[in-house]
Amino acid sequence: MRSKSFGEIKNISKHFTKKESLEMFKKMCISRNFEFNTKDAFDKGYIKMPIYLSVGEESVSSAISIAYKKPHIFAQHRCHDIYLAFGGEIVPLIDELLHKPSGIAKGMGGSASIHSPKIGMFGHSGLMGDQIPIAVGYALGSKQKVLAIMGDASAEEDYVISSMGYAASKKLPVLFVCTDNGLSILTKVAVRRNWSMVNVAKAFGMDAVEITDDPWLIMHHVKKLAKNLPSFINIHTTRVLWHNGTGQDSEPEWDRFKIVKEDLKNLGLEKQALKIEQETKEFIDKLWKKQLKK
Ligand SMILES: Cc1ncc(C[n+]2csc(CCOP(=O)(O)OP(=O)(O)O)c2C)c(N)n1
Ligand SMILES: [Mg+2]
């Protein structure tokens, strides 16, 4: 069921402008390089808290942020990429992870609770899935556009499913996203359940799709789903590093970053993409170096 081509639409990348494709790729590069620097700082002992890295999953938030602009964001513990994709400032996030008072939550929220009123992102409490009923309540009270992101394991919490049902009944403006890396820490989704979230969402009457983490495919579907909220998208992706921390046990099921670079080459954007990749790395490395020295 899980695969790098699940739900693929041939040549979908050609339906997007050069600007959109490169902007999306730049976000992927920012997130990926940020996470590699976080890993490095953790391995060298600068970071003393548990960290939840998004390496391998960066296409999901990068694509959504292009297709679903300026929502109020309710994410969970694995969320550095989401903060960065939606325009969160880089230095305050570095400082947060380095326990500094200049961090976005004064260095006390940490990796799992990235909170930023500036971009409308609400920090997570640590209780799996509780961001979903809170997101639904926020949409009910404010009637404003909400992005509610869960992992494939958090999706299994009863309060997640019941609040999605409520959102469907009340036609609330929420895009529900399941970042489905197939894992709850180490337990694979196939071991945990025999049902799919997309069928749950459809049973509530929502528009719902299940796809792989091809960013163009995500942008295509999210643009459509955003027109009829609430709606749901389940995206198969791969977690490269440990649930918490920086180790790696095995190769990921697929390497989306590499595939995206190939796709950009096929679009005639190889040179621009390489330049973005190199410049982003230099830029993020420099910022980390500077903050680590302070
Ligand atoms: C209610 C609850 N149960 C268990 C935990 C311990 N826990 C933290 S994260 C996690 C797995 C989360 O998996 P998923 O939602 O798929 O997100 P991922 O880590 O894969 O990104 C577990 C079991 C918790 N924080 N809250
Ligand atoms: Mg998971």
Side-chain angles (χ1 to χ4, degrees), residues 1-4 6 28 31-32 34-35 38-39 42 49-64 73-86 97 109-115 121-136 147-164 175-198 200-201 210-213 218 232-254 256:
M1 179 81 162
R2 289 173 55 76
S3 88
K4 66 178 176 192
F6 193 88
M28 284 182 71
S31 172
R32 200 168 170 89
F34 185 93
E35 295 298 58
T38 311
K39 175 182 179 333
F42 183 87
M49 65 177 83
I51 53 164
Y52 302 88
L53 302 182
S54 317
V55 179
E57 303 186 0
E58 51 279 300
S59 67
V60 177
S61 49
S62 300
I64 292 172
I73 306 162
F74 295 81
Q76 53 178 35
H77 54 282
R78 201 173 309 286
C79 61
H80 302 172
D81 62 319
I82 297 160
Y83 169 83
L84 294 169
F86 280 91
L97 299 176
S111 172
S113 304
I114 303 304
H115 181 80
M121 179 162 173
F122 294 76
H124 190 232
S125 74
L127 183 83
M128 270 167 74
D130 81 339
Q131 73 279 12
I132 304 301
I134 296 170
V136 168
L147 173 64
I149 308 183
M150 66 199 89
D152 53 292
S154 304
E156 293 161 8
E157 300 293 355
D158 51 355
Y159 38 86
V160 169
I161 293 171
S162 52
S163 55
M164 282 176 63
L175 176 68
F176 295 98
V177 174
C178 179
T179 305
D180 181 354
N181 56 24
L183 291 168
S184 177
I185 305 185
L186 287 171
T187 311
K188 293 189 174 167
V189 66
V191 176
R192 304 190 318 258
R193 57 171 145 111
N194 65 354
W195 49 272
S196 85
M197 273 302 286
V198 80
V200 170
E210 179 156 7
I211 56 167
T212 190
D213 57 0
I218 298 173
F232 173 82
I233 185 165
N234 192 97
I235 304 169
H236 300 169
T237 188
T238 62
R239 192 192 79 205
V240 174
L241 304 175
W242 281 352
H243 167 70
N244 162 356
T246 62
Q248 185 177 6
D249 293 324
S250 56
E251 283 302 304
E253 296 155 279
W254 58 87
R256 180 58 62 189

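In listed order, ligands and their atoms are each counted from 1.
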Please could you name the atoms of ligand 1 that S184 approaches to less than 4.0 Å, counting only its heavy atoms?
11 (C), 13 (O), 23 (C)
Distance col, row L53:CG vs H243:NE2, nearest 0.5 angstrom, shows 11.0 Å
In ligand 1, which numbered atoms sit nearer than 4.0 Å to a non-hydrogen atom of H77?
9 (S), 12 (C), 17 (O), 18 (P), 19 (O), 21 (O)
Atom 25 (N) of ligand 1 - nearest protein heavy atom and its distance
G126 O, 2.8 Å
Quick test: of every protein heavy atom, which one is nearest to atom 17 (O) of ligand 1, and how far off is it to 0.1 Å?
Q76 NE2, 3.2 Å
Between I64 and F86, is any pair of side-chain heavy atoms under 4.5 Å apart?
yes
K39 and V55: side-chain contact (heavy atoms from CB on, under 4.5 Å), yes or no, with the steps?
CA-CA 10 Å; K39 175 182 179 333; V55 179; over 6 Å; no
More than 12 non-hydrogen atoms from neighbouring residues, nucleotides or ligands closer than 6.0 Å to CH2 on W254, yes or no?
yes
Looking only at heavy atoms, what is the nearest atom pair of M197 and W195, with distance?
SD-CZ3, 3.6 Å
Cut-off 3.5 Å, side chains only: do T237 and D213 have a donor facing an acceptor?
yes
Report the part of N181 (side chain from C-beta onward, or backbone N, CA, C, O) that has a heavy atom under 4.0 Å from ligand 1; answer both or neither where that applies.
side chain
Pick, from E57, M128, H124, the option with the minimum heavy-atom distance to atom 5 (C) of ligand 1.
M128
Can you find a heavy atom in the side chain of E156 that is under 4.5 Å from one in the side chain of S184?
no
Quick one: does D152 get an N or O within less than 3.5 Å of an N or O on ligand 1?
yes
Indicate yes or no: does an N/O atom of L127 lie under 3.5 Å from an N/O atom of ligand 1?
no
Here the pair of heavy atoms bringing F42 nearest to T246 is CD2-CG2, 3.4 Å
For atom 15 (O) of ligand 1, which protein heavy atom lies nearest, and how many Å away is it?
S154 OG, 2.6 Å
Please state which part of R78 comes within less than 4.0 Å of ligand 1, counting heavy atoms only: side chain, backbone, both or neither.
side chain
Going by the 4.0 angstrom heavy-atom rule, the piece of R239 near ligand 1 is neither
Protein N, O or S atoms less than 2.8 Å from the Mg ion (ligand 2), ignoring waters?
D152 OD1, N181 OD1, L183 O
Looking at every non-hydrogen atom in both residues, tell me the closest pair between T212 and I218 and how far apart they are.
O-CG1, 4.1 Å
Which protein heavy atom lies closest to atom 9 (S) of ligand 1, and at what distance to 0.1 Å?
H243 CE1, 3.4 Å
Please could you name the atoms of ligand 1 that A153 approaches to less than 4.0 Å, counting only its heavy atoms?
13 (O), 14 (P), 15 (O), 16 (O)
Would R32 and V240 count as a side-chain contact (heavy atoms from CB on, under 4.5 Å) here? Give the steps.
CA-CA 11 Å; R32 200 168 170 89; V240 174; 5.5 Å; no
Of S61, S62, S31, S59, which is the lone residue that meets side chain to side chain donor-acceptor pair (under 3.5 Å) with D81?
S61
Donor + acceptor pair across side chains of S111, H80 (<3.5 Å)
yes
Closer than 4.0 Å to some heavy atom of Y159 - which atoms of ligand 1 meet that?
1 (C)
M128 and S154 have their tightest heavy-atom pair at CE-N, 3.6 Å
Does M150 have a heavy atom less than 4.0 Å from any atom of ligand 1?
no
Contact atoms of ligand 1, heavy-atom distance to E157 under 4.0 Å
1 (C)
Intermediate values then yes/no, side-chain contact (heavy atoms from CB on, under 4.5 Å), E210 and M1
CA-CA 10 Å; E210 179 156 7; M1 179 81 162; 3.8 Å; yes
